[in-house]
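Contents: one structure, followed by commentary.
These figures come from a predicted structure and were not determined experimentally.
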Amino acid sequence: MDSRIEEILISEEEINKEIVKAAKWVDQRYKGEELILVGLLKGCIPFYGRLMTAITVDFKTDFMVVSSYKGKIKRAGKPQIVTDIKQDVKGKHVLIVEDIVDSAYTLQYVKEYLENKEAKSVSIITLLNKEEGRKVDLTPDYKLFEVEDKFLVGFGLDYDEKLRNLPYVGVYKIEKK
């Protein structure tokens, strides 16, 4: 375990087991449909990668970069699309792949943005759901894990762009000054 981690909250084995279940949900829900997986970078990368290899239905891939923070932890106001999707979503099902749903400000913005592009449906699958941090009325369509309001890192989640590469989700040690 990395020395900057207080505790491992979700092991790599638990993550992999739940990803297989999530892929089955995607397969059942979108069988025979035109599907685009839209990953929100950067945090989604490990989850997106493992999920896409477990899904058996056909889909197209795309990504967005949406910024809602100024610096490390301060919210900057309205989210800004830094990199937009390249696929035309009109008349297609879109599944947003996210690492964590916390306040849900950014996710709500992205969902509405894609709906305005006339997607047939816009759904959300998230590795982690932090209900305690919710600031808007948004519920993911599928969540792998419900987590407490702690500072989490690993499996895509970062602190100052570090620790994304941990194969598990852990609680970051916040040093007291």
Would [X] and [Y] show up in the same hydrophobic cluster when neighbours are defined by side-chain heavy atoms closer than 4.5 Å?
X	Y	value
Y142	V57	yes
Y172	V147	no
Y48	V89	no
V82	L41	yes
L166	I174	yes

Would you check if the side chain of [X] reaches a backbone N or O of [Y] as a donor-acceptor pair within less than 3.5 Å?
X	Y	value
K173	S3	yes
R50	A54	no
R134	V101	yes
K130	K150	yes
D2	R4	yes

Rounded to the nearest 0.5 Å, what separates atom [atom1] in [X] from atom [atom2] in [Y]?
X	Y	atom1	atom2	answer
I45	F63	CD1	CZ	7.0 Å
L127	I19	CG	CD1	6.5 Å
N165	D158	CG	CG	10.5 Å
D99	L128	CG	CG	7.0 Å
E18	E13	CD	CD	13.0 Å
L114	S121	CG	OG	10.5 Å

Charged N-O contact under 4.0 Å between [X] and [Y]:
X	Y	result
D88	K90	no
K143	E131	no
K17	E14	no
K111	E98	no
D62	K86	no

**Asked** Should the heavy atoms of other residues, nucleotides or ligands under 6.0 Å from CD of E33 be counted, would the total exceed 12?
**Response**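 Yes.
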**D149 CG: over 12 foreign heavy atoms closer than 6.0 Å** =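 Atom CG in D149 is crowded, with more than 12 foreign heavy atoms closer than 6.0 Å.
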Taking the side chain as every heavy atom from C-beta outward, state whether [X] and [Y] have any pair of such atoms under 4.5 Å apart.
X	Y	answer
K117	D84	yes
V169	F155	yes
L138	I124	yes
L152	V171	yes

**Request:** Could you check whether the rings of F151 and Y159 sit parallel, tilted or perpendicular, using 30° and 60° as the cut-offs?
**Result:**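 Because their plane-to-plane angle is over 60°, the rings of F151 and Y159 count as perpendicular.
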**Request:** Please lay out, stage by stage, how I15 and L144 fare under the test side-chain contact (heavy atoms from CB on, under 4.5 Å).
**Result:** CA-CA 8 Å; I15 292 169; L144 281 69; 5.6 Å; no
**Item:** Distance flag, aromatic centroids of Y30 and F59, threshold under 6.0 Å
**Value:**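 Distance test on ring centres: not under 6.0 Å, no.
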**Prompt:** Where do I55 and L37 land on the side-chain contact (heavy atoms from CB on, under 4.5 Å) test, with the steps shown first?
**Reply:** CA-CA 11 Å; I55 294 171; L37 293 184; 3.9 Å; yes
